[in-house]
Amino acid sequence: MSIPGAAKVVGSKWAYDHRHWFTKVKFVSAVSKLIDSMYRIKRVSSEILRQKMKDSAVVVSDTEAKRDIMSLLVRARKADLDKDKGVYAMSDRAMMDQVVCNITVLSSTLVSAFRQLTFLGAGHETTATGLSWVQLSGQVRIQCTNTVNQTLWLLANDQESQSRLRQELAPVFDNNPRPAYRNLKDLQWLDCVIMESLRLLPPVPLTLRETTKDDYVDGILVPKGTLLTIPIRIVNTWKVIWGEDAEEFNPKRWVNLPKDYHPVFSMLSFLAGPHACIGKTMAIIEMKAVLA
């Protein structure tokens with residue numbers, strides 16, 4: 001059972017200021033402790049976030065950087081914004097919700113718990129699938145095991161791109177057999193190969209969304225409860241944006257992106273907006289590390 005709006009009320013400053021009211025009614029007296037606990041948790045998490053943002057302003061080596069989830073999220077957001085100011089980035093509230101179980105009442109408690117698991121577990125299967133195309137005896141077989149194999153299959157059919165990638169990686173590994181995060185992040189051709197692989201063969205080719213209210217799209221009524229298909233791969237290979245070779249593996253396109261390319265909506269492998277994949281940066285660097 002879920003009470004509409006209860007989670008928002010319980011988590012508000014107003015509820016904290018008037019929490020003593022709940023102690024006067026026996027069957028909801030425990031809510032007072034819940035409200036007090038939530039307020040304290042949010043206050044502590046806000047202070048933690050403030051400190052992590054302060055820490056992120058100081059450049060340190062990867063071995064010295066803190067590795068707790070909040071620090072990782074702050075650094076990932078900063079890296080995305082440094083690369084493109086127009087890209088969607090998690091809000092402070094969203095980051096706190098991912099790290100601190102934003103306890104709510106009844107069914108909302110489960111939702112908050114699953115938010116915690118989103119960051120820790122959601123990327124495992126999709127990253128695995130994305131690297132999983134293997135070519136055996138001239139046949140293409142899909143093996144949902146790891147994302148790098150998908151890119152390896154594409155590179156196996158593009159010797160020029162494969163050679164260029166080897167030339168970029170060789171001096172890096174000659175200098176350090178275990179390159180740091182920043183070394184991998186700055187490799188332009190490796191980034192081109194990974195992004196092109198994710199564009200052409202997204203681990204999740206389509207997804208669904210359900211409308212929460214009646215609305216109009218281009219003058220057409222879309223009733224509440226309508227299931228909408230988001231055709232990720234179709235958008236990723238739309239010739240209007242990507243050109244006539246949209247269905248071909250061509251990492252060079254990422255060096256000189258099409259004029260109509262939009263950094264958020266032209267490639268939906270990680271979706272976009274408030275429900276975009278929060279582990280995008282982490283997933284890409286994992287792919288780079290394994291592929292390299």
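What you see is a predicted model, and the numbers here were worked out from it, not measured in a lab. Residue indices begin at 1 and follow the sequence shown.
In W238, the CH2 atom is not crowded: 12 or fewer heavy atoms of neighbouring residues, nucleotides or ligands sit closer than 6.0 Å. Atom CG of L228 has more than 12 neighbouring heavy atoms from other residues, nucleotides or ligands inside a 6.0 Å radius. Annotation: Q159, atom CD; neighbour count of heavy atoms from other residues, nucleotides and ligands within 6.0 Å is above 12.
W254 is not listed as a side-chain neighbour of W189, based on a closest heavy-atom distance of 4.5 Å or more. Counting heavy atoms from C-beta outward, L291 and L165 have side chains that approach closer than 4.5 Å. Considering only heavy atoms from C-beta on, F270 comes within 4.5 Å of L198 through its side chain. Using a 4.5 Å heavy-atom cutoff, the side chains of D191 and K288 are in contact. Counting heavy atoms from C-beta on, the side chains of L271 and C277 never come closer than 4.5 Å.
Among pairs with a residue in residues 161-179, those fulfilling side chain to side chain donor-acceptor pair (under 3.5 Å) read D158-S161, Q162-R166, at least two apart in sequence or across chains.
Of all heavy-atom pairs between P251 and C192, the closest is O-CB, 3.5 Å. When all heavy atoms of R19 and I35 are compared, the closest pair comes out as CB-CG2, 4.2 Å. Minimum heavy-atom separation, V240 to D260: O-OD2, 4.0 Å. When all heavy atoms of Y181 and T281 are compared, the pair lying nearest together is OH-CG2, 4.0 Å. Nearest heavy-atom pair, P179 versus V172, reported as atom, atom and distance to 0.1 Å: CB-CG1, 3.9 Å.
L152 CG to N157 CG: the interatomic distance, rounded to the nearest 0.5 Å, is 11.5 Å. The CD1 atom of I284 sits 12.5 Å away from the CG atom of L184 when rounded to the nearest 0.5 Å. Taking CD1 of I241 as the start and CG of N236 as the end, the distance is 9.5 Å to the nearest 0.5 Å.
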Q: Could you go through the side-chain contact (heavy atoms from CB on, under 4.5 Å) check for M195 and M287 one step at a time?
A: CA-CA 10 Å; M195 296 304 292; M287 293 177 66; over 6 Å; no
Q) Run the side-chain contact (heavy atoms from CB on, under 4.5 Å) check on L154 and L200 step by step: do they pass? A) CA-CA 10 Å; L154 292 169; L200 190 59; 4.1 Å; yes
Q. D186 and R182: salt bridge (Lys or Arg N to Asp or Glu O under 4.0 Å), yes or no, with the steps?
A. CA-CA 6 Å; D186 293 338; R182 288 184 179 83; over 6 Å; no
Q) L201 and F249: side-chain contact (heavy atoms from CB on, under 4.5 Å), yes or no, with the steps? A) CA-CA 10 Å; L201 298 173; F249 179 69; over 6 Å; no
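Placement of L227 and L268 in two distinct hydrophobic clusters is found when ILVMFWY residues are connected by side-chain heavy-atom separations under 4.5 Å, directly or transitively. Both Y261 and V255 sit in one connected hydrophobic cluster of ILVMFWY residues. Membership requires side-chain heavy atoms under 4.5 Å apart, directly or through other members. Under a hydrophobic-cluster definition in which Ile, Leu, Val, Met, Phe, Trp and Tyr are linked whenever side-chain heavy atoms come within less than 4.5 Å, directly or via other members, L206 and V235 are assigned to different clusters.
The existence of a salt bridge linking D245 and R253 is confirmed by a sub-4.0 Å separation between a basic side-chain nitrogen and an acidic carboxylate oxygen.
When R199, R233, K239 are each tested for a salt bridge (Lys or Arg N to Asp or Glu O under 4.0 Å) with E247, only one passes: R233.
A donor-acceptor pair under 3.5 Å is formed between the side chain of D214 and the backbone N or O of K224. Judged by distance alone, the side chain of T207 and the main-chain N or O of I230 form no donor-acceptor pair under 3.5 Å. Formation of a donor-acceptor pair under 3.5 Å by the H262 side chain with backbone atoms of F265 is found in this model. Q150 contributes a side-chain N or O that, together with a main-chain N or O of S197, makes up a donor-acceptor pair within less than 3.5 Å.
With 3.5 Å as the limit, one finds no donor-acceptor pair spanning the side chains of T226 and E210.
A parallel orientation is assigned to the rings of Y16 and Y39, their planes being inclined by less than 30° (bins at 30° and 60°).
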